[in-house]
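Just below is one structure, and these are the notes that go with it.
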Amino acid sequence: MNVGTDAQPSCRSKPAAADRGYEGLARSELPLDTVELARCLIGKIVVRSTSEGVLSGRVVETEAYPVGDAAGHAYRGETARNHALFLCPGHAYVYLAYGVAYMLNVSSEAAGVGAGVLIRALEPLEGIATMQRNRRVENLRDLARGPGRLAAALDVDRRLDGADLCRLGPLWIARDPREAPEIGTSTRIGLSREADRRLRFYIRGNRFVSGPKALNS
DNA sequence: AGTGCGATTGACT
DNA sequence: GTCAATCGCACTA
């Protein structure tokens with residue numbers, strides 16, 4: 001539980017070690033601003049390192065939950081559950097939605113300020129066979145299309161809440177050498193409050209993006 | 001202590 | 001397209 005929250009000097013970690021050809025993202029490269037971070041994370045690579053091996057995928061869809069957003073979990077202040085949202089940028093906030101699916105978020109804003117970015121979908125890259133086993137699904141397109149599916153594919157749950165994504169470890173973020181993708185914008189998915197804000201970002205035309213057609217144009 | 005309700009998914013009509 | 005599953009949290013009393 002709560003990997004990397006208390007004991008580690010988490011806001012000053014040295015980043016950027018390379019592993020398996022990926023180059024880790026330094027915390028200094030992450031925008032403090034939640035919406036900017038949501039855009040920045042598009043096209044980055046999430047790397048999950050386990051005893052089974054390495055799983056990875058390219059981020060193709062995110063949603064921002066900025067300061068003052070009534071739909072955000074930090075809206076009513078800090079609690080035991082949402083503590084990780086109040087860490088400095090680049091920490092994992094993982095929670096269980098609907099009692100059914102884990103959601104992987106990246107903390108944003110300065111330490112002490114609660115906000116974050118939900119990662120909603122990945123294009124699977126490495127460890128596809130393991131992801132297929134984790135998800136009990138064969139179809140590549142369905143492996144990590146949706147926030148709960150993504151977490152299941154990567155074997156992410158509350159154990160990784162608070163993990164520092166800017167350090168090599170069980171879960172971290174890397175650059176993608178590919179050219180920057182074209183990013184689309186839409187309203188967020190599955191909300192009743194703040195439903196009209198266009199805080200969802202995705203790679204245009206990417207088949208691993210979740211959500212209805214109407215939101216993916 | 002009890003209730004309502006999700007940042008979803010998978011099964012089914 | 002509809003809908004139940006399932007559980008932790010926030011809120012009321």
Side-chain angles (χ1 to χ4, degrees), chain A residues 1-2 33-42 46 57 59-87 89 91-109 113-122 124 131-163 165 171 183-203 207-216:
Chain A
M1 48 184 281
N2 287 9
D33 180 81
T34 306
V35 177
E36 283 182 42
L37 179 62
R39 282 185 171 279
C40 166
L41 289 176
I42 295 289
V46 174
V59 177
V60 299
E61 181 183 352
T62 63
E63 283 178 356
Y65 290 85
V67 175
D69 176 15
H73 284 187
Y75 185 65
R76 291 169 187 81
E78 184 172 348
T79 66
R81 171 174 69 153
N82 68 21
H83 169 76
L85 282 177
F86 291 79
L87 300 174
H91 287 85
Y93 165 52
V94 182
Y95 73 93
L96 182 62
Y98 294 100
V100 164
Y102 289 98
M103 306 282 122
L104 172 62
N105 299 256
V106 181
S107 67
S108 60
E109 308 292 339
V113 178
V117 173
L118 172 69
I119 301 182
R120 283 196 58 92
L122 298 179
M131 295 190 205
Q132 288 169 325
R133 203 177 65 241
N134 290 344
R135 286 263 301 120
R136 287 172 204 135
V137 164
E138 292 286 308
N139 184 352
L140 183 66
R141 181 165 182 256
D142 290 336
L143 277 187
R145 185 170 53 89
R149 293 167 173 177
L150 166 174
L154 296 185
D155 190 27
V156 165
D157 59 26
R158 284 285 287 177
R159 288 172 306 181
L160 288 164
D161 186 55
L165 304 176
L171 190 62
I183 298 176
T185 306
S186 82
T187 54
R188 295 173 293 183
I189 294 176
L191 301 187
S192 54
R193 291 178 296 192
E194 308 264 16
D196 51 339
R197 302 183 71 180
R198 300 179 68 83
L199 295 175
R200 173 173 172 266
F201 305 95
Y202 58 93
I203 296 182
R207 73 191 195 102
F208 299 96
V209 171
S210 78
K213 266 187 190 172
L215 292 185
N216 291 339

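A, B, ... follow the sequence lines: proteins, then strands. Residue 1 opens every chain.
Between the C1' atom of C:dC9 and the CD atom of A:Glu78 lies a distance of 15 Å, rounded to the nearest Å. As a whole-Å value, the separation of A:Asn139 CG from B:dG10 P is 11 Å. Nucleotide C:dT6 holds its P atom 21 Å from the CZ atom of A:Arg158, rounded to whole Å. Distance A:Arg81 CZ to C:dC7 P: 15 Å, rounded to the nearest Å. Remark: P of B:dA7 and CG of A:Asn105 are 11 Å apart, rounded to the nearest angstrom. Taking atom NE2 on A:His83 and atom C1' on C:dC9, their separation rounds to 18 Å, with Å as the unit. A:Asp157 has its CG atom 16 Å from the C1' atom of B:dT8, to the nearest Å. Here C:dG8 presents its P atom at 8 Å from OH of A:Tyr102, a figure rounded to the nearest Å.
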(message) Please evaluate residues A:Leu118 and A:Thr62 with respect to the criterion side chain to side chain contact (heavy atoms under 4.5 Å, CB included), reporting the C-alpha separation (whole Å), side-chain torsions for both, the decisive distance (0.1 Å), and the verdict.
(response) CA-CA 5 Å; A:Leu118 172 69; A:Thr62 63; over 6 Å; no
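Of the residues A:Arg76, A:Arg188, A:Arg193, the one that meets the salt bridge (charged side-chain N to carboxylate O under 4.0 Å, His left out) test with A:Asp69 is A:Arg188.
The listed nucleotides are B:dT8, B:dG10, C:dA10; the one nearest the side chain of A:Arg149 is B:dG10. Side-chain proximity of A:Thr79 to C:dA5, C:dA10, B:dA7: nearest is C:dA10. Residue A:Leu96 has its side chain nearest to C:dC7 when only B:dT8, B:dG10, C:dC7 are considered. Among C:dC11, C:dC7, B:dT8, the nucleotide with an atom closest to any side-chain atom of A:Arg76 is C:dC11. Of the listed nucleotides (C:dG8, C:dA5, B:dA7), B:dA7 has the atom at the smallest distance from the side chain of A:Tyr95. Set against B:dA7, C:dC7, B:dG6, the side chain of A:Tyr98 has B:dG6 as its closest nucleotide.
One finds no side-chain N or O of A:Arg193 lying less than 4.0 angstrom from the OP1 or OP2 phosphate oxygen of B:dC5. Distances shown here put every side-chain N or O of A:Arg200 at or beyond 4.0 Å from the OP1 or OP2 atom of B:dA7. Look at A:His73 and you won't find any side-chain N or O under 4.0 angstrom from OP1 or OP2 of C:dC9.
Distance check, rounded to the nearest 0.5 Å: CG of A:Leu160 to CG of A:Asp155 gives 8.0 Å. A distance of 11.5 Å separates CD of A:Glu63 from CD1 of A:Ile119, quoted to the nearest 0.5 Å.
Pairing for C:dT6 is absent, judged as Watson-Crick or G-U wobble with the two contacts each under 3.5 Å. Pair check for C:dC11 finds B:dG2; Watson-Crick or G-U wobble, both atom distances under 3.5 Å.
The shortest distance between side-chain heavy atoms of A:Phe201 and A:Val117 does not fall below 4.5 Å.
Map A:Ser192 and A:Arg135 each onto its nearest nucleotide of DNA chain B; the residue landing nearer the 5' end is A:Ser192.
No side-chain donor-acceptor contact under 3.5 Å links A:Arg81 to the backbone of A:His73.
Residue contacts for A:Arg188: at a heavy-atom cut-off of 4.0 Å it reaches no nucleic acid atom on any strand shown.
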